[in-house]
Amino acid sequence: MNQNSRGKLNQVFASIKTEAERRFQEMKGHNTQNIFIGMATCGLASGAMEVKAAFEQALLERKLNAHIIPVGCLGHCYAEPLVIVDKPGFPPILYHDVTPGKARLLVKAFLEEGDPVFEHVLGALEESDTIPSVLEFPRFNQEKKVVMANSGLIDPEDIYQYIQKGGYSALVKALTLEPEKIIKEIQESGLRGRGGAGFLTGIKWQLVRNAKEKDRIIICNADEGDPGAYMDRALLESNPHLLIEGIAIAAYAVGAETAIIYVRAEYPLAGKRMKNAIGQSRQIGLLGKGILGTDFDLDVAVFQGSGAFVCGEETALIESIQGKRGMPQPRPPYPSQRGLWGKPTVVNNVKSMASVPPIVGNGAQWYRGIGTEKSSGTAIFSVVGNIIHAGLVEIPMGVTLRTLIFEICGGIPNQKKFKAVQIGGPSGGCLPESSLDIPIDFDSLTEAGAMMGSGGMVVMDEDACMVDVARYFLDFTQKESCGKCTFCRIGTKHLLDILERIARGEGRNGDIELLENLSLDINGGSLCGLGKTAPNPVLTTVKYFRDEYEAHVREKRCPAMMCRALTAYYIDLDTCSRGCDACVGSCPTESIFTTKNRKKAIDQSSCVKCGECMSACPPEYDAVRKVSPPELAPKIERPEDG
Amino acid sequence: MDHKGEIEEKALLHDMASILTSFEKERSNLIPILQMIQEKYHYLSARALQIVAKHLEVSSCEVYGVATFYNQFRFYPPGKHQIRVCLGTACHVRRGDIILENFERKLEIKAGETTTNREFSIDRVACVGCCALAPVTTIDDTVHGHMAPSKVEGLILGFEIEKERRKRENQQGESKQ
Ligand SMILES: Cc1cc2nc3c(=O)[nH]c(=O)nc-3n(C[C@H](O)[C@H](O)[C@H](O)COP(=O)(O)O)c2cc1C
Ligand code: FES
């Protein structure tokens, strides 16, 4: 790029920035108060809509002026709905579990009378003398937000808020550089693909850049099929422009003029926000023909998936965009050689693309400074299951699992013991307590038998049964196998059959060894990653929790008392109180009857073992017991008229 | 074909034509077309699939093959209220299967089916992205977090009361006229 066009580029962008700043001042200036409400899917599910309505109503009633700004996800899903109130004279304050009632209280007490209502405060977002900062909590101070830096702080439907925070300046910088220079920068940063395999992004881009065919394509993989992970969704909903900026830089670097974002079917809001963001970028010349006055053209489109896990696999995804069944294809040729419509194609995960603007903006060395030698940068996990501070966490690579689970996420609720953590979804594995000191990075996790995968992390307490977990994942992969190769199609079905019979208490001697052997065969005989990794949940649970399998097979006992065929509930007649019938109404199948001496008992023939009676029994009696062989529920006949 | 059937067929043809004109005759438009039809009719009827095949000049079994591959497409009309019980990993470890069973038992249908009065249908889904609120069930567009077996009955009852109320209002409205 010559001096002249660089000048023009900077000039065009400067006027966009001025506009962003003007709008920001309008919002922030003149002593206005701002209320930011988290309105991504998790916030909405927790009632953010009603909270917003309550704020609006209360402001109207009290004739107060304040901007209400819908924002995305901060990652603290355990505390939703989250609200940030920014009032002049105070630091921005974060409130948790806001209800419509709390919203009305905040308007009256804080906005009107200047009392920040300490009991509902989670913390201040900036250091101050008056209010403890959120940075005093490990959940905040051990995180390192690179990709999620602006998530939850800006309105995802307003491009200018992103620009005001420095957005799109990495694209502007990139457009002044030679494409090769950008690829080199990405290579030096050590960025590895966040979609699972951890392939070096810079090398992938170089391959496409080197292709003879000039018509090249970028695909951003937002299929996020792991049934228990939602990092990509949160990013799309909270900061869509970061992704567009990353895609635009990638397209410029490899020489592509078409980009497609493949969004999972179950994420309608993400798709909608993405389309809206693309429209805004196009309107002010950040996408489309002659971007920012340069000769770089780029069109970005959203393709909504239709619900098939295997379509997350890059070759299946490409088939699906072409209007076919999403069946994986043999590689080579890799998408970088022959991808969508036969053209050289870069396929990158959402988090990989979203890491690009910070890398280009701050330089490869800065990025290398975060994380470990071989896995640079940050990892984003959705930490869910039996965990106190469930939500999205962005940490530097290299933090141990123990720190993540027990310090950052607060550990296990209800005084239960930690049992296992499942990482990487259906392709990943379950790690036990003894593995908690391994650092989180691509290679250490793979070595332990799990994998980084997409970033789904499900924490399980002592009540989880590892046979059941393996059965759950095999049930999933078996249904999602596209059926192309025999080992995957039939092998997973057999694995599932064996696991089901073990869980029913019909396991046979040799079943555990059979599981292991079959797993290795499926791994070796499958074409794509789905089949190759499907046995991982079985292999890791057998490896780390073999005694649990043995208890099921030999003693027909489920040590965690989870497998329903091997457990029973009964009511302890010694502690059950006459006259109390709390459990009776809780039973969905009317299986609880009154015994001759007016206590309660469970009819085992119709009990579905849902555990409702156990939660319903008042703590002072605590009379419901759960047993697994050798202990059995005592037999009590239901009287004719009971 | 009876008269009513004929009118329905005409309406369908007309509607489909207007959906299809916004798409070029390209194979890669197949999935977006199917999505559009499903969004409008809530399911893909056999007739609709035939019309799509004709428009794209591919065989109907191709269209059917693609449609059946993906979980999102349904081939029977869903209930008025669509219940989707999440059985993603987080919801599974928090016993989402028990929630599903409760809906199934209460409505006397299985996942994937619709009640005979077409009021409710139940589906199992894998992760709706609110795992922190597990177990989760979505009914129509509302997400219900922290589900419990005991909440199932109340939710269904809520819809039934609502239906009764509307029926009464309608009757009252009619009797006033
Ligand atoms: C069964 C299967 C499912 C996959 N699902 C996803 C997914 O949901 N999201 C994703 O980004 N990559 C997924 N992948 C990995 C992709 O094939 C591909 O490697 C990735 O999108 C490349 O992007 P990256 O280099 O940025 O990681 C999946 C792979 C397999 C085998
Ligand atoms: S697993 Fe149910 S919402 Fe994610």
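Residue numbers begin at 1 in each chain, while the letters A, B, ... track the order of the sequences.
Of the two parts of Leu392(A), neither the backbone nor the side chain holds a non-hydrogen atom closer than 4.5 Å to a non-hydrogen atom of chain B. Contact annotation for Cys587(A): neither backbone nor side-chain heavy atoms come within less than 4.5 Å of a heavy atom of chain B. Residue Glu480(A) touches chain B through its side chain alone, counting heavy-atom pairs closer than 4.5 Å. Interface residue Lys479(A): only side-chain heavy atoms are found under 4.5 Å from chain B. In this structure, the portion of Ala229(A) lying under 4.5 Å from any heavy atom of chain B is its backbone and not its side chain. For a residue to count as touching a neighbouring chain, one of its non-hydrogen atoms must lie under 4.5 Å from one of that chain's; by this rule Phe473(A) touches chain B with the side chain only. Residue contact with chain B, scored on non-hydrogen atoms closer than 4.5 Å, involves the backbone of Gln322(A) exclusively. Of the two parts of Asp475(A), only the side chain, counted from C-beta on, holds a non-hydrogen atom closer than 4.5 Å to a non-hydrogen atom of chain B. Of the two parts of Val383(A), neither the backbone nor the side chain holds a non-hydrogen atom closer than 4.5 Å to a non-hydrogen atom of chain B. Residue Asp468(A) touches chain B through both its backbone and its side chain, counting heavy-atom pairs closer than 4.5 Å. Neither the backbone nor the side chain of Thr142(B) has a heavy atom closer than 4.5 Å to any heavy atom of chain A. With a 4.5 Å cut-off on non-hydrogen atoms, Arg105(B) touches chain A through its side chain but not through its backbone.
Ranked by non-hydrogen atom pairs under 4.5 Å with chain B, the options Ser306(A), Gly228(A), Ala45(A) are led by Ser306(A). Highest contact tally toward chain A, considering only Pro149(B), Ala67(B), Ser150(B), Gly145(B), is held by Pro149(B) [criterion: heavy-atom pairs under 4.5 Å]. Chain B forms more heavy-atom pairs under 4.5 Å with one residue of Met231(A), Met49(A), Arg564(A), Glu266(A) than with any other, namely Arg564(A). Among Tyr472(A), Tyr230(A), Tyr78(A), the residue with the largest count of heavy-atom pairs under 4.5 Å with chain B is Tyr472(A). Between chain B and the residues Ser320(A), Gly391(A), Pro268(A), Cys77(A), the largest count of heavy-atom pairs under 4.5 Å involves Ser320(A). Interface remark: of the candidates Pro32(B), Ala134(B), Gly65(B), Gly65(B) forms the most heavy-atom pairs closer than 4.5 Å to chain A.
Side chains of Ile388(A) and Ile412(A) form no contact here, defined as non-hydrogen atoms less than 4.5 Å apart. In this structure the side chain of Asp97(B) never reaches within 4.5 angstrom of the side chain of Glu101(B), judged on heavy atoms. For the pair Phe418(A) and Asp461(A), the minimum side-chain heavy-atom distance is 4.5 Å or more. With contacts defined as side-chain heavy-atom distances shorter than 4.5 Å, the pair Pro537(A)/Pro426(A) does not qualify. You'll find the side chain of Asp123(B) stays beyond 4.5 Å of the side chain of Ile83(B), heavy atoms only. Looking only at side-chain heavy atoms (C-beta outward), His76(A) and His389(A) stay at 4.5 Å or farther from each other. Residues Thr41(A) and Val128(B) are not in side-chain contact: their nearest non-hydrogen atoms beyond the backbone lie 4.5 Å or more apart. Looking at Phe120(B) and Thr114(B), their side chains never come closer than 4.5 Å, going by heavy atoms from C-beta outward.
Using modelled atom types, one finds a donor on one side chain and an acceptor on the other under 3.5 Å when comparing Arg47(B) with Gln50(B).
Taking the ring axis of Tyr267(A) as reference, the NZ or CZ atom of Arg264(A) stays within 45° of it and closer than 6.0 Å to the ring centre.
Not a single donor-acceptor pair under 3.5 Å links the side chain of Lys40(B) to the backbone N or O of Ile19(B).
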